[in-house]
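Below is one structure, written out as structure tokens; comments come after it.
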Amino acid sequence: MLDLKYLRDHLDEVERRLQQRGGELNLSGFRDLDQRRRALLQEAETLKAERNQVSALIGRTKDKSQVQGEIARMKEVSERIKGLDAELKSAEEALQALLMQIPNIPHEQVPVGQSENDNLEVRSWGAPPRFSFTPKAHWDLGEELGIIDFERAGKITGARFSLMRGAGARLERALINLMLDLHTQEHKYVEVLPPFMVNRDSMTGTGQLPKFESDLFHTDDVDFFLVPTAEVPVTNIHRDEILAAAQLPISYTAYTPCFRKEAGSHGRDVRGLIRQHQFNKVELVKFTRPEDSDAELQSLLGHAEKVLQILELPYRVVDLCSGDLGFSAARTFDIEVWLPGQQAYREISSCSNFRDFQARRAGIRFRREEGAKPEFVHTLNGSGLAVGRTLVAILENHQQEDGSVVVPGALRPYMGGLERIGKS
RNA sequence: GGAGAGGUGGCCGAGUAGGUCGAAGGCGCUCGCCUGCUAAGCGAGUGUACGGGGUAAACCCGUACCGAGGGUUCGAAUCCCUCCCUCUCCGCCA
């Protein structure tokens, strides 16, 4: 959510910068709505001030017969207040609804562009492996090795689910542990294990609601949502809190499964583990002072990259252009891992600085010092990493001609010393 | 799922025959004083949001907030309704 006062004073500038995102943008109603709200508010508050004064007078008067006229008059005033409050409420709701639909303003350094084709490659690491044979896609490798079973997952649940078995299941678990250990031990994040279902306020706080409800799984009998990313429960840890400056930056890492409807992606990535309704992810979340968030985004990005380096997986880092930015993000770097089966780089992590956009929605503030006015923190997060896609990358990049897969050295301690996954 | 108790300011905790309560008192914290040091003591201060004014920083005025949302009333932390959460006991269960 944008700052109401900032929007009021810089409407043209905001409009211009939001247009860089592309898509439809309609701020035309803002000016009127805002003025209407303030006019109603002033009128109602003036009447309330009067009512408070007169009511106090009535309270002090022993003989109520002396103030019958005042009581009658206040009865009318109260009626008018009631009407004004109702109008005010609807104006505020309309204004709020409008504000909630406005995406974040892109960071000054974001490259201007229309689509993912305009994203900027920042750097790459490692070289795509050269095979003396035709590399297989992970769905073939996985099924031949007996470690991924899509067919039975379809029977148990449906499309876009998977069943991991044996070394596959172990590999998934090993990756989660390796990532959590790295981030907690080397990068000093605090591990948290949050609820996998959240309420409406939490979803609104991080920006999934109200605009993107159709992407979320929702429970029937109670108003809960399955988390689409750990970003939601973890960022909401400090919702409606005022933190002390000395606490910042706060760095959390969390493993959660993620649940997404993937509505509108029919026909894309229909095979394999790339796009599932349920997948595992280790997330990195930071709360920082405003002036530190740019640097913290770089360090967070580095922490996510480190996982791929340890696993010997080639990747590149991409600076998302204005047109490809997510709703809440001011700036995003994607990490794309090389997938030999697709002969393409595919997103495996998305690291974003939300600045105060989520903090304002979620009421996450801090005080620079005792007695200072509360300010909004900046929030950041990134995948460190998407576990399923990491598993895909390992299978495809480390596959051998005989169909086996070499386990990267760093992962072997987590695999009970297993060096190679072969047919069992 | 059944029965009961309760949700007040950073914390503890008063406050129900509705009125002068943003809310006693204590703790904590900040500033000042005092005392070789420390502790104790003394004095003052100590919420947030929105709106208006302003040398737009300070500050001043107003409104709202005593779990959330409605209602009754000239007036509600106090009365009524709905919901949420916490605790205790029973049941059930990993």
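Just so we're on the same page: letters track the sequence lines, and every chain starts at 1. For the numbers below, each heavy atom of this structure counts, side chains included, while hydrogens, waters and symmetry mates do not.
Of the C1' atoms belonging to B/G67 and B/C87, the separation is 15 Å, rounded to the nearest Å. The separation of B/A17 from B/C80, taken at their P atoms, amounts to 13 Å, rounded to a whole angstrom.
Stem analysis of RNA chain B (Watson-Crick or G-U pairs, both distances under 3.5 Å, runs of at least three) returns B:1-7 with B:84-90, B:10-12 with B:25-27, B:28-33 with B:41-46, B:47-53 with B:59-65, B:67-71 with B:79-83.
Nearest nucleotide to the side chain of A/Arg367, out of B/U48, B/C50, B/U72: B/U48. For A/Arg365, counting side-chain heavy atoms from C-beta on, the closest listed nucleotide (B/U48, B/U63, B/G51) is B/U48. The nucleotide whose nearest atom lies closest to any side-chain atom of A/Pro374 is, among B/G62, B/U48, B/C50, B/U48.
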Between the protein and nucleotides 52-55 of chain B, are there any N/O to N/O pairs under 3.5 Å, and if so, what are the atom names and distances?
unit_1 : atom_1 : unit_2  : atom_2 : d
B/G52  : OP1    : A/Arg38 : NH1    : 3.3

Distances under 3.5 Å only, N/O to N/O: pair up the protein atoms with those of nucleotides 92-94 of chain B.
none

All N/O pairs under 3.5 Å across the protein-nucleotides 18-21 of chain B interface:
unit_1 : atom_1 : unit_2  : atom_2 : d
B/G19  : N2     : A/Ser55 : O      : 2.9

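Sorted by first and then second residue, the ring pair (Phe, Tyr, Trp, His ring centres under 6.0 Å) pairs with a member in residues 360-396 of chain A form an empty list; sequence neighbours excluded.
Checked by atom type and distance alone, the side chain of A/Asn381 never pairs as donor or acceptor with a backbone atom of A/Val285 at under 3.5 Å. Judged by distance alone, the side chain of A/Ser78 and the main-chain N or O of A/Lys75 form no donor-acceptor pair under 3.5 Å. Judged purely by atom type and a 3.5 angstrom limit, A/Gln20 has no side-chain atom pairing as donor or acceptor with the backbone of A/Val112. With hydrogens and angles ignored, the 3.5 Å screen pairs a side-chain donor or acceptor of A/Gln358 with a backbone N or O of A/Thr206.
Taking the salt bridge (charged side-chain N to carboxylate O under 4.0 Å, His left out) definition, one finds that A/Glu92 meets it with A/Arg37, sequence neighbours left out. Partners of A/Phe212 according to the side chain to side chain contact (heavy atoms under 4.5 Å, CB included) rule, which considers only residues two or more places apart in sequence or in another chain, are A/Asp215, A/Phe327. Take A/Lys306 and apply the salt bridge (charged side-chain N to carboxylate O under 4.0 Å, His left out) test, not counting sequence neighbours, and it matches no residue. A/Arg361 is linked by a salt bridge (charged side-chain N to carboxylate O under 4.0 Å, His left out) to nothing, counting only residues two or more places apart in sequence or in another chain. Under the side chain to side chain contact (heavy atoms under 4.5 Å, CB included) criterion, A/Arg152 pairs with A/Asp149, A/Leu163, A/Arg165, sequence neighbours left out. Every residue two or more places apart in sequence or in another chain that forms a side chain to side chain donor-acceptor pair (under 3.5 Å) with A/Asp269 is listed here: A/Arg275, A/Arg346.
Checked options A/Arg200, A/His218, A/Gln208, A/Lys261; the residue passing with A/Glu213 is A/Arg200 (criterion: side-chain hydrogen bond (donor to acceptor under 3.5 Å, both in side chains)).
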side-chain contact (heavy atoms from CB on, under 4.5 Å) between A/Leu325 and A/Arg21, intermediate numbers included: CA-CA 7 Å; A/Leu325 279 179; A/Arg21 283 175 163 272; 3.8 Å; yes
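Nearer to the 5' terminus of RNA chain B, by closest-nucleotide assignment, is the contact made by A/Leu41 (compared with the other of A/Leu41 and A/Arg51). Comparing A/Phe224 and A/Ile242 along RNA chain B, the residue whose closest nucleotide (by nearest heavy atom) sits nearer the 5' end is A/Ile242.
Applying a 4.0 Å cut-off to non-hydrogen atoms, the residues of residues 69-77 of chain A that approach RNA chain B are A/Ile71, A/Met74, A/Lys75, listed by residue number.
Atoms CD (A/Glu375) and P (B/A57) sit 13 Å apart, rounded to a whole Å.
Contact check, A/Asn52 against B/U63: a side-chain N or O comes under 4.0 Å of OP1 or OP2.
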